[in-house]
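In what follows, every heavy atom counts, from backbone to side chain, and hydrogens, waters and symmetry copies are set aside. Start at 1 with the first residue, then count along the sequence.
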Amino acid sequence: MMMDYKNNVIQNDLKLITGQDYISWDKLKNKTVLITGASGMLATYMVYTLSYLNDKFNYNIKIIGTVRNIEKANSKFFSLLDKEYFVLIQHDVVLPLTYKENIDYIVHAASNASPKFILSDPVGIINANVIGTSNLLNFAKEHQIKNFLFLSTREVYGKAISENIDENSYGGFDILSSRACYPESKRMAETILKSFNDQFGVPFTVARIAHSYGPGMQLKDDGRIMSDLLNNVVNSENIVLKSDGTAERAFCYIADAVSALFLIMLDGENTNAYNVANEDEPIEIRDLAKKLTEIFPDKNISVIFDIPKEMGAGYSKMGRTKLNTEKLELLGWKKNVSLEQGLVKTLKVIEE
């Protein structure tokens, strides 16, 4: 799969995102935005969105993307590499960032949620969330930024204390589980944000994201259910479920998620966190697998069950709970893309 800013599906998504008139887009005019982990799925779409604002509406936004893997980033941003407004910097957030010019907004998206890396590089995940956040906040402290947006996770809520999780519904963790490196470090990062605000006045907002998907997602060896299923579809392989498939999930398409991220960054209340999820179409995994075989009949694939005795240690064992997005919706957020529409869009980009 070759991601391209100029892809028709992506351009239509960018038109949809920038057409959300409840977002205060004008705040970005003539501003500089720094995005860490810029080659990640959501971060890439944020870079594309800012570029679209420049190309279509002359917003004059300077975009600085930091990445660890410059080759991967060059392949995702090859249509933007000759743009004067776009700068790619090879940088690992666990190291202090040096950049002398003005920065208005920081988006910290450098982290990894893949079960594969949760098992193979848990220390790296902790470092990106904890040391990386601290480094960026020290950098922000010296640049008088307008806001720091942190991409967090629904997993900070731990074991559900209610069936409808709002932004204050905190439960506990097994802190000695292998997966704890991810949600615990996200929790710590949020606490660091609040501490820097209390002590140094650095502004921030937090997006707690649940099950986003779309063009740019990692398919091979990722370990998350949507990635695994789509990887089967792309390769015309039967979908092999390692459980009975009754676990329920609700998925949020990237265009709706990125609209939420910009809304939270530009219009969210300082020091507040917001849930980002699409709970309109909850679906059992086995039904999602069946749906994919029906949407793409030309793949001629089936759903097969191959259930192991034990679940892998890198996977979340938290039960299904609904993430309440009323707080975000009060800011004006609207969902526009259905599950089936999102699946079709994603596969179209992947296969082009």
Side-chain angles (χ1 to χ4, degrees), residues 32-48 50 62-77 86-114 116-118 120-153 155-156 180-197 199-200 202-209 212 216-218 222 258 261 264-265 273:
T32 299
V33 182
L34 169 70
I35 301 178
T36 69
S39 58
M41 182 186 74
L42 292 170
T44 294
Y45 249 57
M46 293 190 80
V47 171
Y48 285 176
L50 295 170
K62 184 168 185 179
I63 309 161
I64 303 165
T66 73
V67 296
R68 286 193 299 178
N69 187 329
I70 200 73
E71 289 79 16
K72 176 184 174 184
N74 284 338
S75 70
K76 284 199 168 186
F77 300 119
F86 181 58
V87 178
L88 266 181
I89 299 173
Q90 188 167 18
H91 177 256
D92 190 327
V93 292
V94 302
L95 302 172
L97 176 64
T98 302
Y99 185 82
K100 300 298 184 184
E101 297 179 35
N102 183 58
I103 298 286
D104 297 293
Y105 294 94
I106 294 175
V107 180
H108 185 18
S111 182
N112 204 318
S114 165
K116 174 185 174 182
F117 289 100
I118 284 169
S120 67
D121 188 26
V123 175
I125 287 171
I126 292 170
N127 287 344
N129 285 326
V130 177
I131 298 174
T133 300
S134 184
N135 282 337
L136 287 166
L137 285 165
N138 275 308
F139 174 83
K141 182 163 59 89
E142 304 303 322
H143 283 78
Q144 297 183 321
I145 62 166
K146 291 178 169 53
N147 198 20
F148 185 117
L149 173 66
F150 181 64
L151 272 57
S152 191
T153 172
E155 290 188 45
V156 298
C181 64
Y182 179 64
E184 286 283 29
S185 61
K186 287 289 191 183
R187 268 189 172 184
M188 187 67 237
E190 292 192 28
T191 300
I192 293 169
L193 287 159
K194 185 63 169 69
S195 297
F196 267 80
N197 178 267
Q199 190 166 344
F200 305 112
V202 179
F204 75 90
T205 46
V206 174
R208 294 174 180 159
I209 306 161
S212 58
M217 65 192 298
Q218 179 72 32
D222 180 79
V258 169
L261 296 181
I264 294 165
M265 183 176 82

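- Across every non-hydrogen atom of I118 and Y182, the tightest pair is CD1-CB, 4.0 Å.
- Distance check, rounded to the nearest 0.5 Å: CD1 of I125 to OG of S114 gives 7.5 Å.
- R187 and E155 are not joined by a salt bridge, as no carboxylate oxygen comes within less than 4.0 angstrom of a charged side-chain nitrogen.
- A 4.5 Å side-chain heavy-atom check between L97 and N135 finds every atom pair outside the cut-off.
- Side-chain atoms of K186 come within 3.5 Å of backbone atoms of L151 as a donor-acceptor pair (strictly under, hydrogens ignored).
- Side-chain contact of N147 with T205: a donor-acceptor pair under 3.5 Å is present, judged by distance alone.
- If you take CG on N102 and NE2 on H143, they are separated by 7.0 Å, rounding to the nearest 0.5 Å.
- Looking at heavy atoms from C-beta onward, V33 lies out of side-chain contact with I64 at the 4.5 angstrom threshold.
- Listed for the H91 side chain is no donor-acceptor partner under 3.5 Å among the backbone atoms of T98.
- Looking only at distances, a side-chain donor or acceptor of N138 sits under 3.5 Å from a matching main-chain atom of S134.
- Using a 4.0 Å cut-off between charged side-chain N and carboxylate O, K62 and E101 make a salt bridge.
- N69 has its side chain out of reach of S39: every pair of non-hydrogen atoms, C-beta onward, lies at least 4.5 Å apart.
- Taking 4.5 Å as the limit, every side-chain heavy atom of M265 sits out of range of all side-chain heavy atoms of F148.
- For the side chain to side chain donor-acceptor pair (under 3.5 Å) with E190, the qualifying choice from S185, S195, S152 is S152, the only one to do so.
- Going from atom NZ of K100 over to atom CD of E142 covers 10.0 Å, rounded to the nearest 0.5 Å.
- A pairwise comparison of heavy atoms in K76 and M41 identifies NZ-N, 4.5 Å as the closest pair.
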Set out, in order, the CA-CA distance, both residues' side-chain angles and the distance that settles side chain to side chain contact (heavy atoms under 4.5 Å, CB included) for I103 and F139, then state yes or no.
CA-CA 10 Å; I103 298 286; F139 174 83; 3.9 Å; yes

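- Contact of the Y105 side chain with the I145 side chain is not registered, since no non-hydrogen atoms from C-beta on lie closer than 4.5 Å.
- Considering every non-hydrogen atom in both I35 and A43, the closest pair reads CG2-CB, 3.8 Å.
- Side-chain contact between M46 and V107 is present, with at least one heavy-atom pair separated by less than 4.5 Å.
- For the pair T36 (side chain) and A109 (backbone), a donor-acceptor distance under 3.5 Å is present.
- With hydrogens and angles ignored, the 3.5 Å screen pairs a side-chain donor or acceptor of D104 with a backbone N or O of T32.
- If you take CG on L149 and CD1 on I106, they are separated by 10.5 Å, rounding to the nearest 0.5 Å.
- Among residues at least two apart or in separate chains, there is no salt bridge (Lys or Arg N to Asp or Glu O under 4.0 Å) pair with a member in residues 121-138.
- Here the shortest heavy-atom pairing between V47 and A38 reads CG2-CB, 4.3 Å.
- Summarising the geometry, atom CG belonging to L34 is positioned 10.5 Å from atom NE2 belonging to H108; distances are rounded to the nearest 0.5 Å.
- Take L88 and apply the side-chain contact (heavy atoms from CB on, under 4.5 Å) test, not counting sequence neighbours, and it matches V67, I70, A73, N74, F77, L81, F86.
- Under a 3.5 Å cut-off, the side chain of N112 and the backbone N or O of F117 do not form any donor-acceptor pair.
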Assess the residue pair F204 and L137 against the criterion (side chain to side chain contact (heavy atoms under 4.5 Å, CB included)); give the C-alpha distance rounded to whole Å, side-chain angles, the decisive distance to 0.1 Å, and a yes or no.
CA-CA 10 Å; F204 75 90; L137 285 165; 5.7 Å; no

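- Here the CZ-CD1 distance, from F150 to I264, works out to 13.0 Å after rounding to the nearest 0.5 Å.
- Across every non-hydrogen atom of S212 and L42, the tightest pair is OG-CD1, 3.8 Å.
- Under the 3.5 Å distance criterion, the side-chain polar atoms of T133 are left unmatched by any main-chain donor or acceptor of V130.
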